[in-house]
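Right, one structure below, let's go through it.
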Amino acid sequence: MTLTVGSTIDSTEIRVRQDIPAVLGTRVPLVTGGETGYANLDHAASAPCLAAVRDAVDAFLPWYASAHRGAGFASQVSTRVYERAREVLRKFAGARDRDTVIFTRNTTDALNLLARALPRHTSVVLFDTEHHAALLPWRGPNVVRIPAPRTRLAAVAAVERALAGCPAGPRLVVLTGASNVTGETLPVAEIAAVARRHGARTALDAAQLAPHRPISLTGLDVDYVVLSGHKLYAPFGAGALIGRADWLRAATPYLAGGGATKAVTRHETGVGVTWHTGPERHEAGSPNIVGVHALAVACEQLGAHWDALEAHEHALLERLRAGLAAVPGLAELRLFDDESDRTGTVSFTLDGFEPGWLSAVLSAEYGIGVRDGAFCAHIATRRLAGQGAQAVRVSLGLGTTEEHIDRLVLALRQIVARGARWTYGRPAGRWAPVPDPRPLPPFLAG
Ligand code: PMP
């Protein structure tokens, strides 16, 4: 692939409505010459940074210092920033007083931490259509991966049946709030109620739900929530596990090291360690204060604008689905036959077109960013996309405008009608324009 460095592509802020927080946008080059505003339709993978998050990080950076251990004033400010973020996340997730907030790198990290903290012989029940981050961390003979049923009602009943068949002992249901493949939401409160009746706890994977809908541990009566900052418009490497403290307090620390320890002493045969019992127990090492601050600011921003966000997304999703429905040969993927609330994520296949090729063309010729493949949910995508086991995913968010959607729909219609205008190959195993004359941004020069 030939990439030339050196164009001037200015950053822009996108504010779609006055009552919706602005996000950072950019312009991208086209293979056919010139450039265009980037139509980022890949929010479900990683959302762009909120302008308010960028500003908050900028304001904090001069004060950045180590948290918890420093006597310097900046250290105290940093500690305050870090601990304030716990309170913000607690509120954002509708946590109960006794719930703990543990900062992690992302949702994957949070779910792996929870998996390590389960009491021995915990039975774990989940659908096989979960994202790999939720599907894979659980070990042992008592993990039940239920083939996902075709209706939401049947999904609740399937969890109930699986729990009834679990051996005595601790139980956990793991459930995504919204599918990262289809955007369909799951009946979380109903499943949590069933879990409760069967003495099970529920862990909600809110990676895809939290950027789109208010979540509440209390309201949904779930026990744990996990989420990622980079999907919440705060791409600075922080995520969180929020929920009941008891299993976590009793568990072996996730990482062994400084920050997690109260005291370490030398014995003749080794060292003795007294571990913290609070969230620090699982946060060894220097914490990501900038990331955690960014995440908290993003949560505050979203929390203050839910009505506008949902209305905006709803209108865009209708426009998108209506537009896609009119593209010949296009089939939308669905988990459930019955209607459910949906976040702004739609995956589809297009007869006669490979998803990877299609997304390369959308990027190169139209300046549109979408995702193709199986979305780290291989079982779900294979089941829904059929033969090819791959699809194209379009996901909306705060940076999405009507123009982005119209551009996508028009592009798909043009591609179906007359194919691509450029040549494409698989130089590195992925479809890409060949040659690729698009210049990289100047900061990548050298
Ligand atoms: N769960 C779901 C539903 C997701 O969509 C994702 C990310 N695609 C994850 C978990 C994992 O999130 P992360 O990559 O931030 O750890």
Side-chain angles (χ1 to χ4, degrees), residues 40-49 89 93 102-116 124 126-138 145 148 155 172-188 191 202-213 215 220 222 224-243 254 282 288 291-292 294-295 298-299 333 335-336 340-347 369-381 383-384 390-397:
N40 181 348
L41 294 174
D42 198 13
H43 286 73
S46 274
C49 188
L89 265 291
I102 300 175
F103 288 117
T104 62
R105 289 183 297 158
N106 47 37
T107 301
T108 306
D109 200 27
L111 285 166
N112 276 273
L113 162 58
L114 182 60
R116 291 257 214 104
V124 181
L126 63 158
F127 293 116
D128 63 359
T129 43
E130 292 293 336
H131 186 281
H132 297 168
L135 187 73
L136 302 179
W138 325 100
R145 294 188 175 89
L172 179 73
V173 174
V174 181
L175 182 69
T176 190
S179 162
N180 70 309
V181 180
T182 67
E184 291 163 286
T185 57
L186 281 94
V188 177
I191 288 178
T202 305
L204 175 65
D205 172 356
Q208 294 296 342
L209 189 63
H212 300 275
R213 301 283 182 277
I215 49 168
L220 294 166
V222 298
Y224 306 94
V225 160
V226 290
L227 46 80
S228 293
H230 73 100
K231 294 191 198 283
L232 282 161
Y233 307 90
F236 291 84
L241 164 64
I242 307 157
Y254 188 43
H282 298 293
N288 176 6
V292 157
L295 172 58
C299 289
L333 270 47
L335 278 173
F336 298 124
S340 65
D341 179 28
R342 302 176 62 135
T343 62
T345 295
V346 175
S347 290
V370 294
R371 188 72 179 260
D372 64 90
F375 321 116
C376 296
H378 290 182
I379 297 177
T381 312
R383 194 167 295 155
L384 303 181
Q390 301 209 331
V392 174
R393 182 180 71 188
V394 179
S395 51
L396 316 178

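Indexing begins at 1, ligand by ligand and atom by atom, following the structure's order. Along the sequence shown, residues are numbered consecutively beginning with 1.
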Practice problem: Mind checking whether Thr176 contacts ligand 1 via backbone (N, CA, C, O), side chain (CB onward), both or neither, at a 4.0 Å heavy-atom cut-off? | Solution: side chain

Exercise. Say whether, by atom type as modelled, one donor and one acceptor occur between the side chain of Glu130 and the main chain of Thr176 under 3.5 angstrom.
Key: yes

Self-check item: Straight-line distance of His212 NE2 to Thr345 OG1, nearest 0.5 Å
Solution: 5.0 Å

Quiz prompt | Ala240 backbone acceptor or donor facing Arg105 side chain under 3.5 Å | solution = no

Quiz item: Between Lys231 and ligand 1, which residue portion shows a heavy-atom distance shorter than 4.0 Å: side chain, backbone, both, or neither?
Solution: side chain

Quiz item: Any side-chain donor paired with an acceptor under 3.5 Å for Asn112 and Tyr254?
Solution: no

Quiz item: Any donor and acceptor pair, going by atom type alone, linking the side chain of Glu184 with main-chain N or O of Phe336 inside 3.5 Å?
Solution: yes

Exercise. Could you find the nearest protein heavy atom to atom 16 (O) of ligand 1 and give me its residue, atom name and distance?
Key: Thr108 OG1, 2.5 Å

Quiz item: What protein heavy atom sits nearest atom 12 (O) of ligand 1, and how far off is it?
Solution: Thr107 CB, 3.5 Å

Quiz item: Side chains of His230 and Ser46: do they bring a donor and an acceptor to under 3.5 Å?
Solution: yes

Quiz item: Of the backbone atoms (N, CA, C, O) and the side-chain heavy atoms from C-beta on, which set of His230 has a member under 4.0 Å from an atom of ligand 1: side chain, backbone, both, or neither?
Solution: side chain

Quiz item: Between the candidates Ala45, Gly229, Gly237, Ser228, which shows the shortest non-hydrogen contact distance to atom 15 (O) of ligand 1?
Solution: Ser228

Exercise. Would you mind running through ligand 1 and noting each atom that sits below 4.0 Å from a heavy atom of Asn106?
Key: 13 (P), 15 (O), 16 (O)

Quiz prompt | Under-4.0 Å heavy-atom contact with ligand 1, by part of Asp205 that carries it | solution = side chain

Exercise. Pull out every atom of ligand 1 sitting under 4.0 Å from any heavy atom of Ala133, numbered as shown with elements.
Key: 10 (C), 11 (C)

Practice problem: Write out the residue and atom name of the closest protein heavy atom to atom 4 (C) of ligand 1, then the distance separating them to 0.1 Å. | Solution: His131 CD2, 3.3 Å

Quiz prompt | atom 5 (O) of ligand 1: nearest protein contact (heavy atom, Å) | solution = Gln208 NE2, 2.6 Å

Practice problem: Please answer whether the main-chain N or O of Ala45 pairs with a side-chain N or O of Lys231 as donor and acceptor at a distance below 3.5 Å. | Solution: yes

Quiz item: Can you tell me if Ser228 and Thr107 form a side-chain donor-acceptor pair at under 3.5 Å?
Solution: yes

